[in-house]
Amino acid sequence: MNNEMFAPLKGKRIVLFPDVNQYHKWKQKATGILIPRTQISVSDYLEKRATPAMREQGADLADVLIKTDPVAGWALTDNDYPVMWD
């Protein structure tokens, strides 16, 4: 995470969603990014929502937003069938 990485987003509001157990590390790195007229914040949503299992696995935002089959690991639709079937 550095200024060059975020330079194309100059003037935008950026919200980062770090993996579980990475909030403080990302927060510290984000503080060092200085791009004019750009607001960078780090969400603690996953830290607050994480279960012990999520912490052990180092879950990320996709793990929370995408419903997956517990055996195969495929992303599932709202009707509980694999997304690739659409």
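Computed from heavy atoms alone, side chains included, the values below leave out hydrogens, waters and symmetry copies. Given the structure is predicted, the values throughout are model-derived calculations rather than measurements.
- The minimum heavy-atom distance between M5 and M1, with the atom names listed, is SD-CA, 4.0 Å.
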Which donor-acceptor pairs under 3.5 Å do side chains of residues 22-42 form with protein atoms, sequence neighbours excluded?
{"residue": "T31", "atom": "OG1", "partner": "K27", "partner atom": "O", "Å": "2.8"}
{"residue": "T38", "atom": "OG1", "partner": "G11", "partner atom": "N", "Å": "2.8"}
{"residue": "T38", "atom": "OG1", "partner": "P36", "partner atom": "O", "Å": "3.1"}

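- Here CD of Q57 is found 11.0 Å from CG of N21. Values are rounded to the nearest 0.5 Å.
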Kindly list each side-chain donor-acceptor pair under 3.5 angstrom involving residues 12-20, sequence neighbours excluded, with atom names and distances?
none

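- Among residue pairs with one or both ends in residues 39-54, those qualifying as salt bridge (Lys or Arg N to Asp or Glu O under 4.0 Å) are D44-K48, E47-R55; sequence neighbours excluded.
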